[in-house]
Engineer: 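Sharing a structure below in structure tokens format, with a few things to ask.
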Amino acid sequence: MLDRKFIIENLAAVQQNCVNRGVHVDVERFAALESQRKEKQQLAEELNRRANEVSKTIGQAKTPEAREALKEEGKNVREQVAALKNEADGIEAELDVIHRAIPNMTHPDAPIGADDLANLEIARGRTPVTEMEFKPLDHVELAQKLDLIDFEAGARVAGAGFYFLKNEAVMLELALEMYAMRLLRSEGFVLTTTPDLARNDILAGTGFNPRGNETQIYSIENTDLSLVATAEIPLGGMLAGQTVDEDVLPLKFCGLSHCFRTEAGAAGRASRGLYRVHQFSKVEMFAFTRPEDSEAMLMHLRAMEQRIFDDLKIPYRVVDTATGDLGGPAYRKFDLEAWMPGRGDFGEVTSTSNCTDYQARRLNARYKIKGEKGTHLLHTLNGTAIAISRGILAVMENYQQPDGSIRVPDVLLPYTGFDVIKRD
RNA sequence: GGAGAGGUGGCUGAGUGGUCGAAAGCGACGGUUUGCUAAACCGUUGAAGGUGUAAGCCUUCCGCAGGUUCGAAUCCUGUCUUCUCCGCCA
């Protein structure tokens, strides 16, 4: 969430930002409600003051009659306060709905545009895209020939969008995880495996809405829990309601979790095979920083993402995400799109965002400067190290050989125990 | 899953209806004393929001959410969570 005061003081800028991001929010209504809220609050303050006077003088009442009279007045005031509070709650509820819909402000360099077509390519990976000397298969065909993924059995067990990884694909998943975790550990990230479920207020705090028609989130019936869509949720929630000392910052975490997504409304989009699935494993980076350090941290996370795909020797490009394609909490986002020979195009494999204090405000994650009074909101950032479904897809398609086998990337060899996947 | 006991300020820990945002100790910060350090002594010391040029003032907060009451850290209900014991289990 944005700061309320900031919104009121920068109405025009907030409004323009909403337009750029393709979000329809009645900012004027927000301002009107906010001033109403303030009025009610001032009224309540006066009444409260009177109520306090009454309760303080009641003990000194000389006669039982005087005491009863004061009690009566106290009761009266209390009822008035209750009525006022009722009104204020109604205003607050409407205010909150609008407040939550207002997205984060946007980095001035982010390209302005309605959707991903406006994304700006800003970098390429070390490995160039090269034409294969044979007609490349896509990962679904490769998986079928090599018996690496069972989509049919996945559908039987849990429905479309679920799958079994099989045989060498399993080792490939574990190898990718091991490789990423080991790299991140050497870069000072604290390794974690996270809960795959989280409370709904943690979801909301990180900007995920557990309810509604368009929700990406699976909820557990009769509980306050949902399946996480990314380790970003539990990792961000780690510091919910906490205040940390400035000198522990920045905090860099890496989390391995399963990710569950309903993909509601995604039907019809290009989503063959592993590209868009309901469950996958992901190694996620997450950082808490001081405000002045978050831009540099974003570059660091981006560098880690590039390092991983450079090491895997998979061609990719980096795009600066356009305003209309940014999620609500993101101030700036870079997507890394790997070359996917099977489709002859780039496809998103990882992404990193600077959410500034947008998530931290909702989560109430703060830091304290030694010797100073008060606390400050942290900045939060997240970035994918490797999302297994799409990562494994990119490996399979880029490493396929003319004979139908798949080579194993050099950096994964220490973890797989084999250097080629083939069938006789 | 069952039984019991707790959750209070940076920490320990008092406080069972009335000036309690909260004793005391520790820690931290400032000062006095002092070759230096330490000790001793004195003082200051929670957060969020609102308002004001400022000093300040106001509201809210004793896990969280409700309730009772003129008045709640204190009583009631729900909830989360920690610990101990039992059961179950990987």
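Order of the sequence lines sets the chain letters (A, B, ...), proteins ahead of strands, with each chain counted from 1. All values below come from the heavy atoms of this structure, side chains included, with hydrogens, waters and symmetry mates left out.
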Engineer: Compare side-chain N and O positions of T243(A) against OP1 and OP2 of A47(B) and report whether any pair is under 4.0 Å apart.
Structural biologist: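 So the side-chain polar atoms of T243(A) never come under 4.0 Å of the phosphate oxygens OP1 or OP2 of A47(B).
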
Engineer: Decide, yes or no, whether a salt bridge links E397(A) with R343(A) under the criterion of side-chain N to carboxylate O below 4.0 Å.
Structural biologist: no

Engineer: Step by step, would you call R366(A) with T375(A) a side chain to side chain donor-acceptor pair (under 3.5 Å)?
Structural biologist: CA-CA 6 Å; R366(A) 300 174 163 272; T375(A) 59; 3.1 Å; yes

Engineer: Is there a donor-acceptor contact under 3.5 Å linking the side chains of N17(A) and T106(A)?
Structural biologist: yes

Engineer: Rounding to an integer number of angstrom, what distance separates C83(B) and C75(B) when you compare their C1' atoms?
Structural biologist: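 Rounded to whole Å, the distance is 25 Å.
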
Engineer: Taking atom C1' in both G63(B) and U8(B), what distance in whole Å separates the two?
Structural biologist: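 After rounding to an integer number of Å, I get 10 Å for this pair.
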
Engineer: Grab the CG-P distance between D201(A) and C64(B) for me, whole Å please.
Structural biologist: 14 Å

Engineer: Of the options A48(B), C70(B), U81(B), whose atoms approach the side-chain atoms of R199(A) most closely?
Structural biologist: U81(B)

Engineer: Suppose we define a pair by two distances each less than 3.5 Å, Watson-Crick or G-U wobble; what does G4(B) pair with here?
Structural biologist: C83(B)

Engineer: Who is the Watson-Crick or G-U wobble partner of U16(B), with both distances under 3.5 Å?
Structural biologist: none

Engineer: Rounded to whole Å, please give me the gap between CG in D245(A) and P in A28(B).
Structural biologist: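 Distance, rounded to whole Å: 14 Å.
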
Engineer: For K71(A) and H376(A), take the nucleotide of RNA chain B holding the closest heavy atom to each; which residue's nucleotide lies nearer the 5' end?
Structural biologist: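 The answer here is H376(A).
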
Engineer: Hey, which of E284(A), E305(A), R302(A) is the one that makes side-chain hydrogen bond (donor to acceptor under 3.5 Å, both in side chains) with T350(A)?
Structural biologist: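 By the side-chain hydrogen bond (donor to acceptor under 3.5 Å, both in side chains) criterion, T350(A) pairs with just one of E284(A), E305(A), R302(A): E305(A).
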
Engineer: Send over the distance from E68(A) CD to U69(B) P, rounded to a whole Å.
Structural biologist: 14 Å

Engineer: Less than 4.0 angstrom from a charged side-chain N to a carboxylate O is my criterion; do R4(A) and E92(A) meet it?
Structural biologist: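 Between E92(A) and R4(A) there is a salt bridge, with a charged N closer than 4.0 Å to a carboxylate O.
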
Engineer: So which nucleotide does C89(B) pair with, by the Watson-Crick or G-U wobble rule with both distances under 3.5 Å?
Structural biologist: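 Answer to the pairing question: none, since C89(B) forms no Watson-Crick or G-U pair.
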
Engineer: List every contact pair, protein side and nucleotides 49-52 of chain B side both N or O, where the distance is under 3.5 Å.
Structural biologist:
unit_1	atom_1	unit_2	atom_2	d
U51(B)	OP1	K38(A)	NZ	3.2

Engineer: List the residues meeting side chain to side chain contact (heavy atoms under 4.5 Å, CB included) with D310(A), not counting sequence neighbours, and say none if there are none.
Structural biologist: R126(A), Q306(A), Y316(A)

Engineer: Can you tell me how far P in C85(B) sits from the matching atom in U74(B), rounded to whole Å?
Structural biologist: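 So the two P atoms sit 30 Å from each other.
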
Engineer: Can you tell me the pairing partner of G27(B) across any strand shown, Watson-Crick or G-U wobble, with both distances under 3.5 angstrom?
Structural biologist: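 Paired with U45(B).
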
Engineer: Determine which nucleotide pairs with U37(B), using a 3.5 Å limit on both distances of a Watson-Crick or G-U wobble pair.
Structural biologist: none

Engineer: State whether Y275(A) and R390(A) meet the cation-pi test: NZ (Lys) or CZ (Arg) under 6.0 Å from the six-membered ring centroid, and within 45° of the perpendicular axis.
Structural biologist: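 Here R390(A) passes the 6.0 Å and 45° test against Y275(A).
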
Engineer: Name the pairing partner of G56(B), where a pair is Watson-Crick or G-U wobble with both distances under 3.5 Å, or state none.
Structural biologist: U51(B)

Engineer: Closer to the 5' end of RNA chain B via nearest nucleotide, is it E73(A) or K85(A)?
Structural biologist: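 So the residue in question is K85(A).
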
Engineer: Calculate the interatomic distance between I202(A) atom CD1 and U81(B) atom P; express it in whole Å.
Structural biologist: 12 Å

Engineer: What is the separation between atom NZ on K75(A) and atom P on U69(B), rounded to the nearest whole Å?
Structural biologist: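 Answer to the nearest Å: 6 Å.
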
Engineer: Between A48(B) atom C1' and L363(A) atom CG, what is the distance in whole Å?
Structural biologist: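 Rounding to the nearest Å, CG of L363(A) and C1' of A48(B) are 16 Å apart.
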
Engineer: Rounding to the closest angstrom, what is the interatomic distance between U53(B) and C42(B) at atom C1'?
Structural biologist: 34 Å

Engineer: Using the P atom in both, what is the distance from A38(B) to U32(B), to the nearest Å?
Structural biologist: 14 Å

Engineer: Looking at Y399(A), I'd like to know if the NZ or CZ of R407(A) sits under 6.0 Å from its six-membered ring centre while staying within 45 degrees of the ring's axis.
Structural biologist: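 Because its charged atom misses either the 6.0 Å distance or the 45° angle limit, R407(A) does not stack over Y399(A).
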
Engineer: Using Watson-Crick or G-U wobble geometry with both distances below 3.5 Å, tell me the partner of A72(B), or none.
Structural biologist: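 Per the H-bond distance test, none.
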
Engineer: Suppose you measure atom C1' in G31(B) against the same atom in A39(B); what distance do you get, rounded to whole Å?
Structural biologist: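 Going atom to atom, C1' in each nucleotide, I get 16 Å.
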
Engineer: Regarding K333(A) and D325(A), does a basic nitrogen lie under 4.0 Å from an acidic carboxylate oxygen?
Structural biologist: no

Engineer: Taking only the P atom of each, what is the distance from A48(B) to C11(B) in whole angstrom?
Structural biologist: 16 Å

Engineer: If I pick the P atom on U60(B) and the same atom on A73(B), what distance separates them, to the nearest angstrom?
Structural biologist: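 It works out to 10 Å between them.
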
